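Inspection log for the structure reproduced underneath, given as structure tokens.
Because the structure is predicted, anything quoted here is derived from the model rather than measured. Proteins come first, then strands; the chains are lettered A, B, ... in the order of their sequence lines, and each starts at number 1.
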Amino acid sequence: MPELPEVEHLRRTLEPRLLGRRVVDATLHRRDVAVGPKDPPGGFARQRAVVRPSRLRAAQLLADATIERVDRRGKLLAIIASDGRALGVHLGMSGQLFWAPAGARLPTDHVHATWRLDDRSRLLFRDPRRFGGLWLAETRDELPPWRGLGPDALTLPPEHLAGLLAKARRPIKAALLDQGLLAGVGNIYADEALHRVGIHPAELACEISAPRALRLGEALRELLRLAVEAGGSTLRDYRAAEGQAGAFQLQHAVYGRAGQACLTCGEVLESGMLAQRTTVWCPRCQGGL
DNA sequence: ACGATACCCTGATGGC
DNA sequence: TGCCATCAGGGTATCG
């Protein structure tokens, strides 16, 4: 559920708390949520029923390092140390990064990693469903998930979208969800963006004309910008660094509203499965197909 | 190269 | 009240 706006808002709430802080120590409570430079290539260390514990030692989770900045690309966060090392954090479906000052209460269940900082504050990674994970690499650009990502959806110039879509012979919704094509858009914001510009989610990406692709690019950028400003969408699990919920879910026009009236034209919103994801659209506003 | 499918996982929800 | 089935969705791997 956390998509680009949620991760960007988390980044913005987290960065001021971490900047210049030295990591006193780090604890990895579950080794199978982390992937280090010496682990076999591939995605997560955990594969199917076979649990492959990471060879990462806790000390490699930036212990003793000083945090210089927090970067983001798509839905991936990268905590960068002054020596260049990078800790990648993906929230998956239910992942959270919490920061709390010395002595403050923090959740204890489903906590897979904890960092203690030199001002006695703590950072922790919690992820009940464990679809998320941690990666460590010598540099940010060597983080395996970072390398596979397309351009970031928030900063992509809208006029570049047409070129990306022209090569995708599949439904526009499937293309928008492809993180290698464009990084950051998930199920919520794909549906919302397509509704805003009146494009049916099943329309083939390569058949969208350049002017319409441009409008989609502009709408997507504006949508993501507004969602970041609102603190992201909190449906259930998403929280910012100090536990704050987002508010953008109140402005969703289609996501989660199947069977209800379109806010633009009053037509009943339809839903179906597309690219293995629940998809909601307005048959009148997005009728093109 | 693409699409469809299975799988990972837990918590919420609804039916009986 | 409890039990079970179903759903949600970020990804990756695998097969066609």
Side-chain angles (χ1 to χ4, degrees), chain A residues 1-8 10 29-35 39-54 72-78 88-97 107-112 125-135 143-150 152-153 164-192 201-207 227 232-239 246 249 252 254-259 271-280:
Chain A
M1 182 205 19
E3 303 180 24
L4 187 152
E6 290 74 37
V7 179
E8 174 60 18
L10 172 62
H29 307 287
R30 269 198 83 106
R31 302 219 303 168
D32 60 348
V33 303
V35 180
D39 291 318
F44 295 76
R46 175 176 15 90
Q47 298 228 329
R48 310 210 39 191
V50 184
V51 174
R52 289 197 295 173
S54 170
R72 179 195 58 78
R73 183 167 182 181
K75 305 170 191 172
L76 184 70
L77 275 185
V89 182
H90 200 298
L91 301 178
M93 270 297 297
S94 60
Q96 301 168 319
L97 275 179
T108 56
D109 57 331
H110 304 295
V111 172
H112 308 314
F125 175 63
R126 176 176 187 269
D127 184 14
R129 292 182 215 183
R130 279 183 270 140
F131 282 15
L134 305 173
W135 288 262
L143 289 169
W146 187 280
R147 295 165 53 181
L149 293 173
D152 185 73
L164 298 179
L165 299 182
K167 293 170 285 187
R169 187 168 185 80
R170 47 186 163 146
I172 178 63
K173 165 127 184 198
L176 290 177
L177 293 179
D178 182 345
Q179 302 300 298
L181 188 75
L182 179 67
V185 180
N187 203 35
I188 297 172
Y189 296 103
D191 280 8
E192 293 295 324
E203 188 171 337
L204 290 186
C206 59
E207 289 178 355
S233 302
T234 295
L235 299 184
R236 187 159 66 226
D237 299 315
Y238 173 69
R239 290 291 186 277
Q249 67 279 5
H252 292 172
V254 286
Y255 181 84
R257 298 194 65 247
S271 81
M273 288 300 268
L274 222 156
Q276 308 308 111
R277 293 287 177 262
T278 301
T279 301
V280 186

- line: Testing C:dG9, B:dG11, C:dG10 for proximity to the side chain of A:H110, the answer is B:dG11
task: Grab the CG-P distance between A:D127 and B:dT10 for me, whole Å please.
output: 10 Å
message: Looking at C:dG11, I'd like to know if its phosphate oxygens (OP1 or OP2) sit under 4.0 Å from a side-chain N or O belonging to A:H90.
response: yes
Show me the donor-acceptor pairs within less than 3.5 Å that the side chains of residues 272-279 of chain A make with the rest of the protein, sequence neighbours left out.
from   : atom 1 : to     : atom 2 : distance (Å)
A:T279 : OG1    : A:K173 : NZ     : 3.0
A:T279 : OG1    : A:R277 : O      : 3.0

message: What is the distance, to the nearest angstrom, from the NE2 atom on A:H112 to the C1' atom on B:dT10?
response: 10 Å
- prompt: Considering the options A:V254, A:V185, A:L176, which one meets the side-chain contact (heavy atoms from CB on, under 4.5 Å) requirement together with A:D191?
  reply: A:V254
task: Could you tell me whether the phosphate oxygens of C:dA8, OP1 or OP2, come under 4.0 Å of any side-chain nitrogen or oxygen in A:Y255?
output: no
task: Using salt bridge (charged side-chain N to carboxylate O under 4.0 Å, His left out) as the criterion, point out the one residue from A:R73, A:R72, A:K75 that pairs with A:D152.
output: A:R72
statement: In whole angstroms, the gap separating P of B:dT10 from CZ of A:R129 amounts to 10 Å
message: Whole angstroms only, please: what is the CZ-P distance between A:F131 and C:dA13?
response: 15 Å
- request: Establish whether the base of B:dA1 is bridged to the side chain of A:R169 by a donor-acceptor pair shorter than 3.5 Å.
  value: no
- prompt: Between the base of C:dG10 and the side chain of A:R277, is there a donor-acceptor distance below 3.5 Å?
  reply: yes
query: Taking CD from A:Q179 and P from C:dG11, how many angstroms apart are they, rounded to a whole number?
result: 4 Å
- prompt: OP1 or OP2 of B:dT10 less than 4.0 angstrom from a side-chain nitrogen or oxygen of A:R130, does that happen here?
  reply: yes
- prompt: Just how far, in rounded Å, is P of B:dC9 from CZ of A:F125?
  reply: 14 Å
field: Closest to the A:Q276 side chain, choosing from B:dT5, C:dG9, C:dG11
entry: B:dT5
task: Output all residues satisfying ring pair (Phe, Tyr, Trp, His ring centres under 6.0 Å) with A:H110, sequence neighbours left out; order by chain, then residue number.
output: none
- request: Using whole Å, report how far CZ of A:R72 lies from C1' of C:dG10.
  value: 16 Å
side-chain N/O A:K75 vs C:dG11 OP1/OP2, d < 4.0 Å: yes
task: Could you check whether A:S94 gets within reach of a base, just the sugar-phosphate, or nothing at all, counting any heavy atom under 4.0 Å?
output: nothing
message: Do A:S233 and A:H252 make a side-chain contact, defined as non-hydrogen atoms from C-beta onward lying under 4.5 Å apart?
response: yes
message: What is the distance, to the nearest angstrom, from the CG atom on A:D178 to the C1' atom on C:dG10?
response: 14 Å
